[in-house]
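First the structure, in the form of C-alpha cells, and then the observations on it.
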2 protein chains.
Amino acid sequence: MGTHSVNNPWVRKLRLFAEVSVDDERFLNDLVRNARTMSARQDIISQGDLSECLYVIIEGAACRYKMLPDGRRQIMAFLLPGDSCDVHTFLMKRMDHSIATLVPSRVAVIPRFAILEMTEQRPRLTRIFWWSTMVDEAILREWIVVVGRRTAYERVSHLLWETYLRLAAIDSTSGSSCEVPFNQTDMADTLGLSLVHVNRSVRRLKQEGLISLEGRRLTILDRKRLPAAANFDPDYLHQVEMPISRVAG
Amino acid sequence: MGTHSVNNPWVRKLRLFAEVSVDDERFLNDLVRNARTMSARQDIISQGDLSECLYVIIEGAACRYKMLPDGRRQIMAFLLPGDSCDVHTFLMKRMDHSIATLVPSRVAVIPRFAILEMTEQRPRLTRIFWWSTMVDEAILREWIVVVGRRTAYERVSHLLWETYLRLAAIDSTSGSSCEVPFNQTDMADTLGLSLVHVNRSVRRLKQEGLISLEGRRLTILDRKRLPAAANFDPDYLHQVEMPISRVAG
DNA sequence: CGGATGGTTGAAACCGTTCAAAATCTGTGG
DNA sequence: CCACAGATTTTGAACGGTTTCAACCATCCG
C-alpha cells in the first residue's frame with residue numbers, strides 16, 4: 001500500500017549518478033512519505049516566499065518561472081519526477097522566482113533539518129545530490145544558448161529532444177513516445193517565442209516527419225534528424241549516457 | 001611584495017556573504033599565491049577538457065561561453081575578481097563549455113585536493129562558498145529571463161546595470177563610473193542580439209541621458225531610470241544589498 | 001603611417017510577433 | 001446523448017523589431 005522503495009522516483013533519479021546504499025534509500029523513503037497532492041497550475045512556492053522546505057517532485061511535473069511586471073512569463077526549468085528545487089535554494093531566505101505544477105502532481109515536502117542532517121551524516125548521499133544539481137545547472141546554461149542563439153525551429157526541436165531524453169532517463173517513455181509535461185503556451189514561455197510561432201515550428205517538424213505531437217503525446221519519428229535539427233550538444237546532459245546503458249533487470 | 005591578505009579579492013568576495021575567520025583567510029591566501037598571468041582573449045579551460053582544478057579570477061575578467069558548430073557564440077556568465085568557476089564544475093569529468101579571459105588577467109589555479117580539504121575541514125567556509133554559487137545560479141536564471149522575454153533596449157540596460165552593481169559590490173567602481181569587462185561584440189553574444197542592434201540600443205540609452213559609454217568606461221547618469229528601463233528585479237542579486245551598507249572603513 | 005580592433009551608420013530583407021478568428025478537444029451537467 | 005463552456009491548437013494576414021550586408025570612421029600602437 002505505502003510507497004515501495006523501488007517506486008521512489010527520487011532514489012531512482014539519484015541512482016542515475018551513483019549507487020545509493022540500502023540505508024540511504026531507507027532514509028530517502030522516509031522523507032518522501034508525506035507527499036502533498038496538488039492540482040495542475042498551482043504554485044508550490046511563490047516569488048518572495050521564505051523557502052523553508054525542500055520540495056521533490058514525486059509524480060507529475062512542475063516548472064520554475066518568473067514573471068515580468070507587465071505579465072510576460074519566462075519558464076527557466078522543468079522539474080520531472082525525482083527532481084527537486086536545488087538544495088541551495090532553500091538555504092536562501094527569499095525565493096527570487098516561483099515554482100508551479102504543470103499537471104496534477106504529488107510533491108514531497110522535506111523539512112530543513114532533514115537536509116541538514118543529511119549533509120552532516122551522509123556525505124556520500126550529499127555528494128550524489130550535489131551531482132544532480134550540477135546537471136540542473138548545465139541544463140540551465142544550455143537553455144541560455146537555446147534562447148540566445150538558436151532559431152525558433154532549433155529551439156523547439158531542442159526542447160522536445162531534451163525532454164524526451166530526460167523522460168527516457170527516468171523510464172517514463174514507452175518506445176519512442178512520451179507524455180511531455182507542457183502545452184504549446186508553456187513551450188513559448190520557455191523558448192522566448194510567441195505561441196503562434198511555436199505552433200508553426202511544431203507543424204514544420206511534423207511535416208518533415210521528425211516528430212508527431214498530439215496534445216501532450218510526443219513521438220520521436222527520427223532519432224537522428226531531430227537532434228540534428230536542434231544542433232543538439234550530446235554532452236551537456238552528462239548523466240544521460242549512463243542511464244541508457246543502465247537498464248535495470 | 002607578496003599578495004596582501006586585504007588584497008585577496010576572493011576573500012573580499014566571500015566577505016560579502018558572511019564573516020571569514022582569520023584562519024580561513026590565511027587558508028585562502030595560501031591557495032591564491034601561485035596565480036597564472038594570462039593575456040586577453042585566452043581560454044582558461046576549453047570545452048571537452050578534463051577540469052581538474054578550480055580557477056579563481058584574481059585580477060581582470062573572464063566569461064563562460066559556448067560555441068555552436070556554425071560559429072554562433074553565447075556567453076553565459078561574466079566572472080569578475082573573486083569569482084570562480086563553481087566548485088561543482090571541477091567535480092565533473094568534462095567541461096561542457098569554455099571559460100576565457102576578456103582582458104589581461106591573473107587567475108589562481110587551485111588543485112582539487114585543496115578544495116576537498118576545504119569541504120572536509122572547513123564547513124563554515126564551505127557553506128559561504130556554497131552561498132556564492134547560489135547567487136551565480138540566480139544570475140543565470142535571471143539571464144534566461146533577459147534573453148527570453150526582454151526587448152533589446154531592456155536587455156542592454158539590464159546588462160549594464162547588473163554589471164555596475166556587481167562591480168560596486170567588489171569596490172571596483174569610482175562614483176558612478178566603472179570599467180566594464182566587455183565590448184559591444186561580447187554584449188551581443190551575451191544578450192542574444194546582433195552587434196549592430198546592441199550599438200543602436202546603447203546609442204538610445206546615451207541619447208536619453210541614462211548612461212555614457214566610451215569604450216569600456218561606463219558612467220551611470222540616471223540611477224533610477226536605468227534599472228527602470230531594464231525592468232530590473234532588485235532581488236535576484238541577493239547579496240548586493242549587504243555590500244552596499246557594508247562599506248569597510 | 002599602415003594595420004588591427006572596435007565603434008557607428010544606412011538601407012533592405014527577414015524572422016518572428018501581433019491581431020483576429022476558426023477549429024478541435026475535454027469535461028460537465030442536463 | 002447532446003449542449004455548452006473553457007482550454008488548447010491551428011491558420012491567415014499585416015506589421016515591426018532585429019538582422020544582415022556593406023560601408024565608413026575612430027583610435028590605438030608599433
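Bear in mind the structure is a predicted one, so any value in this text is a computation, not a measurement.
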> Are the side chain of A:Q42 and the backbone of A:A100 linked by a donor-acceptor contact shorter than 3.5 Å?
Replying inline: no

> Rounding to a whole Å, what distance do you find between A:R41:CZ and D:dG6:C1'?
Replying inline: 14 Å

Would you list the atom pairs, donor with acceptor, under 3.5 Å between side chains in residues 210-219 of chain B and any protein atom, with sequence neighbours excluded?
| residue | atom | partner | partner atom | Å |
| --- | --- | --- | --- | --- |
| B:R217 | NH1 | B:E179 | OE1 | 2.6 |
| B:R217 | NH2 | B:S174 | OG | 3.4 |
| B:T219 | OG1 | B:S177 | OG | 3.0 |

> Going by atom types alone, do A:D96 and B:H238 pair a side-chain donor with an acceptor below 3.5 Å?
Replying inline: yes

> Which angle, rounded to 10°, do you find between the first-five-pair axis and the last-five-pair axis of the helix from C:dT8-D:dA23 to C:dG30-D:dC1?
Replying inline: 40°

>> The criterion is salt bridge (Lys or Arg N to Asp or Glu O under 4.0 Å); which residues satisfy it with A:D222, sequence neighbours excluded?
In response: A:R225

> If you look only at pairs with a residue in residues 187-205 of chain A, which of them pass as a salt bridge (Lys or Arg N to Asp or Glu O under 4.0 Å), with sequence neighbours excluded?
Replying inline: A:R73-A:D189, A:D189-B:R149, A:R204-A:E208

I'd like a table of atom pairs between the protein and nucleotides 23-26 of chain D - only N or O on both sides, under 3.5 Å - with the distance next to each one.
none

> Can you check whether B:G48's main-chain N or O pairs, donor with acceptor, with B:R94's side chain at less than 3.5 Å?
Replying inline: yes

> Got a second to check how far B:H97's NE2 is from B:Q47's CD, nearest 0.5 Å?
Replying inline: 9.0 Å

> Given D:dT20, D:dA13, D:dT18, which nucleotide is nearest the side-chain atoms of B:V196?
Replying inline: D:dT20

>> Within residues 183-194 of chain B, which residues have any heavy atom lying less than 4.0 Å from an atom of DNA chain C?
In response: B:N183, B:Q184

> Taking atom types as modelled, is there a side-chain donor on B:E162 or B:Y236 under 3.5 Å from an acceptor on the other?
Replying inline: yes

>> With heavy atoms of chain B within less than 4.0 Å as the criterion, where does contact along DNA chain C begin and end?
In response: C:dG6 to C:dA11

> Under a 4.0 Å heavy-atom cut-off, which of residues 201-220 of chain B touch DNA chain C?
Replying inline: B:R203, B:K206

> Tell me: CZ of A:R149 to P of D:dT18, nearest whole Å?
Replying inline: 13 Å

> From B:L167 CG over to B:C178 SG, what is the distance, rounded to the nearest 0.5 angstrom?
Replying inline: 5.0 Å

>> Once ring-ring contact (aromatic ring centres under 6.0 Å, His included) is applied, what residue pairs with a partner in residues 170-198 of chain B remain, sequence neighbours excluded?
In response: B:F78-B:F182

>> At a heavy-atom distance below 4.0 Å, what parts of residues 154-162 of chain B sit against DNA chain C?
In response: none

>> Between B:S39 and B:P104 (side chain of the first, backbone of the second, donor and acceptor by atom type, cut-off under 3.5 Å), is there such a pair?
In response: no

>> Hydrogens and angles aside, do B:Y65 and B:D43 bring a side-chain donor and acceptor to less than 3.5 Å of each other?
In response: yes

> Can you check the A:N199 CG to D:dT8 P distance for me, whole Å?
Replying inline: 14 Å

> Out of A:I75, A:I99, A:L79, A:I44, which one pairs with A:C63 under the side chain to side chain contact (heavy atoms under 4.5 Å, CB included) rule?
Replying inline: A:I75

> Knowing that exactly one of A:D136, A:D83, A:D171 qualifies, which makes a salt bridge (charged side-chain N to carboxylate O under 4.0 Å, His left out) with A:R166?
Replying inline: A:D83

> Going by an N to O cut-off under 4.0 Å, is there a salt bridge joining B:E142 and B:R150?
Replying inline: yes

>> Run the salt bridge (Lys or Arg N to Asp or Glu O under 4.0 Å) test against B:R155 and tell me which residues pass, sequence neighbours left out.
In response: none

> Who passes side-chain hydrogen bond (donor to acceptor under 3.5 Å, both in side chains) against B:T151, sequence neighbours left out?
Replying inline: B:E154

> How many Å lie between NE2 on B:H197 and C1' on D:dG17, as a whole number?
Replying inline: 6 Å

> Quick one: does A:F232's side chain get under 4.5 Å of A:L226's, heavy atoms only?
Replying inline: no

